[in-house]
Amino acid sequence: MNDKEKKSIKWLSRLKNIKHIEVYVAIIFIVILLLIYMSNFSSNRTSNNNSTTTSELTITTYVENLESNLQEILSNIGGVSNVKVMITLNMADSTVTDSKINLDSFPPIKGVLITANGVSDTSTKLKILHAVEAVIDITNGNIEILSSD
C-alpha cells in the first residue's frame, strides 16, 4: 500500500467512528440548501426592485424629459433662442395607476406647443416644425410654433 491509500483508509476509519454521522451530514446539507435559497431570494428581490424602477416612470417625469430634450435640441437651431416647449398626452385610452405608466405603453403625444425668439422667419419656423415631426411621431397640425419676441 502506498502513502495515499493509507491516509484514505485512516480517514475512512475516523469517519466510521463518528457517532450519528447521518445527522451531521443532514445538517450540513440543510445549511447548504438554505444558503443557496437565501442567495437566490435576495438576488431576485434586488432585480425585481431594479426592474420596477427602470420600467416605470411617472407621467410628469416622462413629459418633462421629452420637453427638456426637445427644448435643448431646438435651441441649437440657428437664430432660435429662449425656447419653451409644452407637450400634452392623449390620456383617453390609457390606464394609469398611482400616476405611473409602463414604459411599453406610453400614451401617445396629443400636441406640442413651442414658443421661441427668432421664429418669426418662415424658414426658421419650418426648420423647427420638421425637427419636431422627425423626433415625435405626430402630424404638423398638432404642432404650434409661436414667437415670443
Side-chain angles (χ1 to χ4, degrees), residues 3-5 7-8 11-12 14-15 18 20-149:
D3 220 17
K4 286 185 180 181
E5 289 176 357
K7 286 182 181 179
S8 63
W11 185 78
L12 285 174
R14 285 185 193 162
L15 195 59
I18 297 175
H20 307 291
I21 192 165
E22 303 87 20
V23 174
Y24 294 122
V25 171
I27 290 172
I28 291 172
F29 184 71
I30 290 172
V31 168
I32 290 172
L33 286 177
L34 283 173
L35 289 174
I36 291 171
Y37 175 75
M38 295 302 279
S39 68
N40 285 340
F41 179 72
S42 65
S43 67
N44 286 342
R45 190 170 155 192
T46 303
S47 66
N48 284 343
N49 286 342
N50 289 341
S51 67
T52 300
T53 306
T54 57
S55 70
E56 289 184 344
L57 198 60
T58 64
I59 294 172
T60 306
T61 306
Y62 168 65
V63 171
E64 286 173 353
N65 286 343
L66 285 174
E67 289 173 345
S68 67
N69 288 340
L70 193 56
Q71 187 172 320
E72 183 180 333
I73 292 297
L74 295 178
S75 295
N76 292 327
I77 295 175
V80 178
S81 63
N82 196 24
V83 177
K84 304 286 183 204
V85 177
M86 179 180 169
I87 296 176
T88 58
L89 302 177
N90 185 359
M91 300 297 288
D93 298 327
S94 300
T95 55
V96 179
T97 56
D98 298 330
S99 74
K100 291 192 177 190
I101 51 179
N102 192 329
L103 282 174
D104 298 333
S105 61
F106 280 130
I109 294 173
K110 183 178 181 180
V112 177
L113 174 63
I114 299 166
T115 62
N117 293 339
V119 295
S120 52
D121 179 37
T122 306
S123 66
T124 305
K125 202 176 223 182
L126 282 173
K127 286 178 186 177
I128 291 175
L129 182 68
H130 291 303
V132 173
E133 284 178 326
V135 172
I136 300 174
D137 187 26
I138 60 172
T139 62
N140 60 11
N142 294 333
I143 303 169
E144 189 65 40
I145 303 168
L146 302 173
S147 176
S148 63
D149 296 323

Item to check | Glu67 versus Met86, closest heavy-atom pair with distance | outcome: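 Looking at all heavy atoms of both residues, the shortest contact is OE2-CA, 3.4 Å.
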Item to check | Shortest non-hydrogen contact between Val119 and Ser147, atoms and distance | outcome: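 Smallest interatomic distance, heavy atoms only, reads CG2-CA, 3.4 Å.
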Checklist entry - Is the CG atom of Asn76 crowded by more than 12 outside heavy atoms at less than 6.0 Å? => result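 Check passes, neighbour count above 12.
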Checklist entry - With Thr88, which residues qualify under side chain to side chain donor-acceptor pair (under 3.5 Å), at least two apart? => result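 With neighbours one apart ignored, the set is empty.
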Checklist entry - What residues, two or more places apart in sequence or in another chain, satisfy side chain to side chain donor-acceptor pair (under 3.5 Å) together with Thr115? => result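 Thr115 satisfies side chain to side chain donor-acceptor pair (under 3.5 Å) with no other residue.
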Pairing residues for [X] by the side chain to side chain contact (heavy atoms under 4.5 Å, CB included) criterion, not counting sequence neighbours:
| X | result |
| --- | --- |
| Glu144 | Leu113, Leu146 |
| Ile27 | Val23, Val31 |
| Ile32 | Ile28, Ile36 |

Does the side chain of [X] reach to within under 4.5 Å of the side chain of [Y], using non-hydrogen atoms?
| X | Y | result |
| --- | --- | --- |
| Val135 | Leu66 | no |
| Val80 | Asn117 | no |
| Glu72 | Leu74 | no |

Next on the checklist: Could you walk me through whether Val132 and Leu70 satisfy the side-chain contact (heavy atoms from CB on, under 4.5 Å) test, starting with their C-alpha distance in whole Å, then the side-chain angles of each, then the deciding distance to 0.1 Å, before giving a yes or no?
Outcome noted: CA-CA 8 Å; Val132 173; Leu70 193 56; 4.2 Å; yes
Next on the checklist: Tell me whether Asn69 contacts the main-chain N or O of Asn65 through its side chain, where contact means a donor paired with an acceptor under 3.5 Å.
Outcome noted: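 Yes.
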Next on the checklist: Let me confirm one number: the CG-CD1 distance from Leu35 to Ile30, rounded to the nearest 0.5 Å.
Outcome noted: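 Spacing of CG (Leu35) from CD1 (Ile30) equals 12.0 Å.
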Item to check | Spacing of CD1 belonging to Ile87 relative to CD belonging to Glu64, to within rounding of 0.5 Å | outcome: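 So the CD1 of Ile87 and the CD of Glu64 are separated by 11.0 Å.
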Next on the checklist: By the definition side-chain contact (heavy atoms from CB on, under 4.5 Å), identify the one residue from Ile143, Ile114, Val112 that meets it with Leu129.
Outcome noted: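 That would be Ile143; it is the only one of Ile143, Ile114, Val112 passing the side-chain contact (heavy atoms from CB on, under 4.5 Å) with Leu129.
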Next on the checklist: Test: side chain to side chain donor-acceptor pair (under 3.5 Å). Region: residues 119-129. Which pairs qualify, not counting sequence neighbours?
Outcome noted: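 Pairs touching residues 119-129 that pass the test: Asp121-Ser123, Asp121-Thr124.
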